[in-house]
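As structure tokens, the structure follows; a few thoughts come after it.
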Amino acid sequence: MAPKAKKPAAKAPAAKEEKKEAAPAKAAAPAKSAAPKTSKAAAKAAAPPKVDAGVVKAKDKALRAKKSVVRGTHDKKNRKIRTSVHFRRPKTLKLPRAPKYPRKSVNKTNKLDQYCLIKHPLTTESAMKKIEDNNTLVFIVDKRANKPMIKLAVKKLYDIEVAKVNTLIRPDCEKKAYVRIAPDYDALDIANKIGII
Amino acid sequence: AKVKAKELRGKKKEELLKQLDDLKKELQILRVAKVTGGAAAKLGKIYTVRKSVARVLTVIKQTQKDNLRKFYRKKTHKPKDLRQKKTRALRRALTPYELSLKSKKELRKQRLYPLRKYAVKE
């Protein structure tokens, strides 16, 4: 305690000068910091706040450490108040995935693209009838294709709008798709363009 | 027009993909010709175009894999398909370093009783 008492005494004359110069806010701040146990309380209050606070903090810490050593660390534990008979698993931290390496270096490409999907158009007599009368085109498609996929593929390949798609699987295990074209497009024109007339 | 792999390897990915697209479109046309009874020349071309498509895809995949291997060469954590395949058992076996480790007892014995070589005096 003795060396600490000397310190504020040395700083007191300098501090008094500072006090006169310093703004009122600055004078109030050091006054708030923890009061030392020497008689020169007022002088010390005006001393530079940084050094003062540091010294006081260190002293507090030392006292607390001394206390725990002397007492031992078997203080009373804080027991939780349990309001329910059941013990529920506590919620812990769940981190999102952040892999260090991708498991696969390359992702699979889509093997069933628009070209694979639609194999070829049909040119049978009944298919020709459909083109003229019902504004539909008839395709043989991949067996794994479904109606929305067929719709998209036809749109992409021939730049046309599709009204609806009907599908069936032929006895020779191939899928046939009746693609009805939107009324503002002509199936006959498209058939000519493709080359099936 | 036969597509050669040697020519393909120099090209960029976008160019290759565009070429792939063109080839597939050509294949579509040829298949339609097949259905509508096309000329023999067209029908024969189907085979070459199919193989060209395969060639382009192969080159794309090969260059992709090659670049990935270069990228991961110095890294500790590689994707599993870029690691050594060997066999499942070999991958789980002890590493050469782990095999070489000796216990203190063994090291002591080695130091105290090294292999001696004797010579027979003539």
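Throughout, protein chains are lettered first and strands after them, A, B, ... in sequence-line order, and every chain is numbered starting at 1.
- Put simply, A/Ile196 and A/Val165 are part of the same group of oily side chains (I, L, V, M, F, W, Y) that touch within less than 4.5 Å, one to the next.
- At a threshold of 4.5 Å between side-chain heavy atoms, the hydrophobic network of Ile, Leu, Val, Met, Phe, Trp and Tyr places A/Ile190 and A/Leu188 in one connected group.
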Self-check item: Working for side chain to side chain contact (heavy atoms under 4.5 Å, CB included), residues A/Val106 and B/Leu68
Solution: CA-CA 9 Å; A/Val106 194; B/Leu68 276 169; 3.4 Å; yes

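- In this structure, the portion of A/Leu157 lying under 4.5 Å from any heavy atom of chain B is its side chain and not its backbone.
- Criterion: ILVMFWY side-chain heavy atoms under 4.5 Å apart, direct or through other members. Under it, A/Ile197 and A/Val138 are not part of a common hydrophobic cluster.
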Short donor-acceptor separations (under 3.5 Å), chain B to chain A:
| residue | atom | partner | partner atom | Å |
| --- | --- | --- | --- | --- |
| B/Asp21 | OD1 | A/Tyr115 | OH | 3.1 |
| B/Asp21 | OD2 | A/Tyr115 | OH | 3.3 |
| B/Lys24 | NZ | A/Asp113 | OD2 | 2.7 |
| B/Gln28 | NE2 | A/Ile118 | O | 2.9 |
| B/Lys80 | N | A/Arg103 | O | 3.2 |
| B/Asp81 | OD1 | A/Ser105 | N | 3.1 |
| B/Asp81 | OD1 | A/Ser105 | OG | 3.3 |
| B/Asp81 | OD2 | A/Ser105 | OG | 2.7 |
| B/Arg83 | NH2 | A/Tyr101 | OH | 3.2 |

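- Note on B/Leu23 and B/Val59: same hydrophobic cluster, where clusters join Ile, Leu, Val, Met, Phe, Trp and Tyr whose side-chain heavy atoms are under 4.5 Å apart, directly or indirectly.
- When the side chains of ILVMFWY residues are joined at heavy-atom separations under 4.5 Å, either directly or via intervening members, A/Val154 and A/Ile140 end up in two distinct hydrophobic clusters.
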